[in-house]
Amino acid sequence: MIQSMEKGAAYIGGKWVRPPGTRLYEVVNPATGERLAEVIHCGPSEVDAAVEAAHSAFQESGWRTLDPSKRERILRKIGDLIESNAKELARIESLQNGKTVREALRGDIPPAWDIFHYYAGWITKYYGHTVPVSGPYLAETRIEPIGVVGAIVPWNFPLLLASWKLAPALAMGNTVVLKPAEQTPLTALYLAELLEEAGIPPGVVNIIPGFGDTGALLARHMKVRKITFTGSREVAREILRASADSNLKRVSLELGGKSPNIVFSDADLDRVSDVAFGEIFGHKGEVCSASSRLLAESSISGELIRRLKDKAERMVLGDPQHPKTQMGSLISRTQLERVERYVSSGLKEGAALVCGGKRHLDNGCDRGFFFRPTIFARVKPHMKIAQEEIFGPVLSVMDFDSEETLIETANSTVYGLVSMIWTRDIGRAFRIARRLESGTVWINAAGPFDSAMPFGGVKESGWGREMGMEALKEYTQVKSIWIGLEY
Ligand code: ADP
């Protein structure tokens with residue numbers, strides 16, 4: 001058991017903080033119900049202390065004025081340390097989230113170390129310009145950090161989503177207060193130890209476990225200059241209100257999706273069925289970019305559904321720590337009940353249940369929140385299971401016959417995060433890609449991500465971008481400096 005898990009403390013100003021008498025709560029393994037740790041639930045005094053520590057560190061620690069090459073070295077080292085601790089981090093991610101260790105080792109930890117390496121490289125390469133203005137002036141733009149950044153993250157990719165925010169924020173010289181999700185604070189606390197080892201000065205990163213009220217205090221704080229948030233649309237609205245009611249802090253939002261996977265009859269069905277399956281049932285479907293709607297050309301939808309059903313029925317659910325397990329436990333009873341409500345709604349609205357639709361209770365799984373991979377066919381665009389983000393292993397299959405109805409259906413939700421298109425007709429693929437309301441379009445590609453490629457949504461999937469050069473703008477502001485040459 002690592003130190004930070006035993007402590008269950010907040011990490012503020014380079015110290016572990018858990019004063020006697022503070023509120024504590026239990027972090028539980030959702031697959032078994034076992035207690036993993038007892039962790040502080042930060043309230044007003046801890047949030048305030050964390051923001052003050054970040055504020056002083058921004059003013060005084062020398063982080064933002066540190067030689068860029070030295071900051072680069074520290075970020076690089078953070079990436080290296082995540083890499084060398086990968087196995088332990090994946091194990092803890094699996095314990096607290098219920099996903100399999102295999103998934104965490106592939107999908108969570110490598111991109112987390114990569115993002116620190118990637119932004120380490122940007123530190124010496126992102127700078128302002130000398131601008132050709134009219135008149136006798138030397139005019140320069142300077143790229144500056146914003147100040148204290150509040151990062152609020154959800155429970156589905158706890159370390160990775162924290163890293164997507166921390167790496168660019170730190171690279172650009174900001175200081176950070178990170179609020180992990182209440183269900184999954186343990187890898188964030190582990191990260192604090194790695195940050196310290198890498199040489200991050202005290203106060204530059206502060207970590208405050210807690211619930212929604214903890215996040216709300218951060219969002220309202222007058223000394224926080226920016227909130228970067230991943231989570232639900234409901235909480236995003238709260239955060240925007242908090243910004244409006246406090247200091248008009250900047251906000252960037254990543255809010256999930258109802259992403260279409262579009263398959264034409266000329267696609268390679270072997271490949272597509274593998275990808276379509278992984279895209280909705282990987283990580284239990286608790287993925288913001290999950291392809292939860294399969295839009296299949298009518299002539300192949302029957303065949304595609306047969307293949308997916310076959311895979312779903314053979315899928316191995318069970319102990320997330322076991323190497324043969326393919327799907328672990330949903331994060332919580334709340335999430336399980338949410339998925340069950342959507343299944344009932346699909347049935348009530350007339351969709352055809354192809355497989356799943358119920359809990360998996362064999363071999364001790366009744367202690368957790370395991371749910372069979374579920375496929376609905378004959379789903380219509382107006383149904384709830386076609387419109388709302390379920391955030392669980394439920395696939396809605398819809399048929400299409402023409403490009404026009406396909407695009408109308410694909411764009412018919414409030415979301416616009418990612419889309420997939422499978423066809424050999426590249427002209428058609430591009431034609432459709434241009435008309436999709438979506439932050440990312442993958443054409444004949446199995447949902448690739450890369451630290452260099454921006455990721456984020458349109459419509460109610462959010463504002464702003466994570467990763468790539470784009471994210472640097474989220475953590476900087478531009479100062480224009482004019483110098484009179486004839487003074
Ligand atoms: P999910 O539905 O995935 O749990 P939420 O949007 O509810 O997503 O939560 C995402 C993160 O936002 C979590 O860290 C949670 O504690 C935090 N949070 C919840 N309510 C608020 C709030 N009112 N203000 C700020 N953060 C909040």
Side-chain angles (χ1 to χ4, degrees), residues 10 23 25 27-28 30 39-44 46-48 50-51 96-99 148-166 176-189 191 206-221 224 226-247 249-258 283-290 292 330-339 341-342 369 388-392 414-415 417 457 460-463 466:
R23 286 179 298 177
Y25 74 98
V27 177
V28 174
V39 175
I40 185 168
H41 173 172
C42 289
E46 290 83 22
V47 174
D48 205 43
V51 176
Q96 64 178 355
N97 168 282
K99 67 175 71 188
V148 178
V149 171
I152 302 176
V153 295
W155 43 259
N156 60 336
F157 289 83
L159 179 74
L160 177 58
L161 298 184
S163 302
W164 279 5
K165 298 176 185 317
L166 278 165
V176 182
V177 179
L178 170 67
K179 210 297 276 174
E182 48 273 34
Q183 301 87 343
T184 55
L186 302 178
T187 41
L189 296 176
L191 180 66
N206 306 274
I207 301 176
I208 48 166
F211 286 65
D213 59 315
T214 313
L217 287 164
L218 194 58
R220 273 202 301 271
H221 204 289
V224 174
K226 148 115 197 182
I227 292 283
T228 168
F229 171 73
T230 301
S232 62
R233 288 181 304 142
E234 294 71 28
V235 172
R237 289 187 162 86
E238 297 282 333
I239 288 172
L240 290 172
R241 271 183 223 115
S243 165
D245 292 342
S246 58
N247 57 349
K249 55 179 65 68
R250 283 169 60 178
V251 174
S252 53
L253 306 167
E254 201 271 87
L255 310 175
K258 188 74 187 173
H283 301 257
K284 312 161 270 165
E286 293 169 340
V287 181
C288 54
S289 59
S292 51
L330 302 187
I331 185 76
S332 62
R333 179 169 302 283
T334 312
Q335 199 59 23
L336 174 76
E337 287 170 357
R338 179 186 165 91
V339 171
R341 274 198 304 279
Y342 276 110
F369 311 111
E388 297 179 17
E389 185 179 44
I390 300 172
F391 224 63
V414 298
Y415 293 104
L417 192 59
E460 292 188 36
S461 284
W463 302 345
E466 314 251 25

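Nothing fancy with the numbering, it's 1 onward along the sequence. Just so it is clear, the model here is predicted, and its values are computed rather than measured. One-based numbering, in listed order, for ligands and for the atoms of each.
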Student: May I ask whether Trp155 has any heavy atom positioned less than 4.0 angstrom from an atom of ligand 1?
Tutor: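 So Trp155 counts as touching ligand 1.
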Student: Anything under 30° is parallel, anything over 60° is perpendicular, the rest tilted; go ahead and classify Tyr25 against Phe211.
Tutor: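 Correct class here is perpendicular.
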Student: Decide whether an N or O pair under 3.5 Å exists between Glu182 and ligand 1.
Tutor: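 Between Glu182 and ligand 1, an N or O pair is found under 3.5 Å apart.
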Student: Considering only non-hydrogen protein atoms, determine which one is nearest to atom 18 (N) of ligand 1 and report residue, atom name and distance to 0.1 Å.
Tutor: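 That would be Gly212 CA, 3.6 Å.
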Student: State, to 0.1 Å, how close Thr214 and Cys42 come at their nearest heavy-atom pair, and which atoms those are.
Tutor: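 Here Thr214 and Cys42 meet closest at OG1-O, 2.8 Å.
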Student: If you apply the rule side chain to side chain contact (heavy atoms under 4.5 Å, CB included), what do you find for Glu460 with Arg237, and how did you get there?
Tutor: CA-CA 11 Å; Glu460 292 188 36; Arg237 289 187 162 86; 3.2 Å; yes
Student: Using a 4.5 Å cut-off on heavy atoms from C-beta on, say whether the side chain of Phe369 contacts that of Gln335.
Tutor: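 Side-chain contact under 4.5 Å: no.
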Student: Check the side chains of His41 and Asp213 for a donor-acceptor pair under 3.5 angstrom, ignoring hydrogens and angles.
Tutor: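 A donor-acceptor contact under 3.5 Å links the two side chains.
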Student: Which is it for Val153 and ligand 1 at heavy atoms under 4.0 Å: side chain, backbone, both or neither?
Tutor: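 Only the backbone of Val153 comes within reach of ligand 1.
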Student: Quick one: does atom 20 (N) of ligand 1 have a protein heavy atom under 4.0 Å from it?
Tutor: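 Yes, because at least one protein heavy atom sits under 4.0 Å from atom 20 (N) of ligand 1.
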Student: Which part of Pro180 is near ligand 1, with near meaning a heavy atom under 4.0 Å away: side chain, backbone, both or neither?
Tutor: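 For Pro180, only backbone atoms sit under 4.0 Å from ligand 1.
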Student: What are the atoms of ligand 1, with element, lying closer than 4.0 Å to any heavy atom of Phe211?
Tutor: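 In order of numbering, the contacting atoms are 16 (O).
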Student: Would you mind checking which non-hydrogen protein atom is closest to atom 2 (O) of ligand 1, with the distance to 0.1 Å?
Tutor: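 Result for atom 2 (O) of ligand 1: Ser232 CB, 4.1 Å.
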Student: Looking only at protein heavy atoms, identify the closest one to atom 26 (N) of ligand 1 and say how far it is in Å.
Tutor: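 Nearest neighbour among protein heavy atoms for atom 26 (N) of ligand 1, to 0.1 Å: Gly215 CA, 3.5 Å.
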Student: Check side chain to side chain donor-acceptor pair (under 3.5 Å) between Arg338 and all other residues, then give those that pass, not counting sequence neighbours.
Tutor: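 With neighbours one apart ignored, the set is empty.
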Student: Do any nitrogen or oxygen atoms of Glu238 come within less than 3.5 Å of a nitrogen or oxygen of ligand 1?
Tutor: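 N/O-N/O distance under 3.5 Å: no.
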Student: Would you mind checking which non-hydrogen protein atom is closest to atom 27 (C) of ligand 1, with the distance to 0.1 Å?
Tutor: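 For atom 27 (C) of ligand 1, the nearest protein heavy atom is Val235 CG1, 3.4 Å.
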Student: Do you know the tightest heavy-atom contact between Leu186 and Gln96?
Tutor: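 Result for this residue pair: N-OE1, 2.9 Å.
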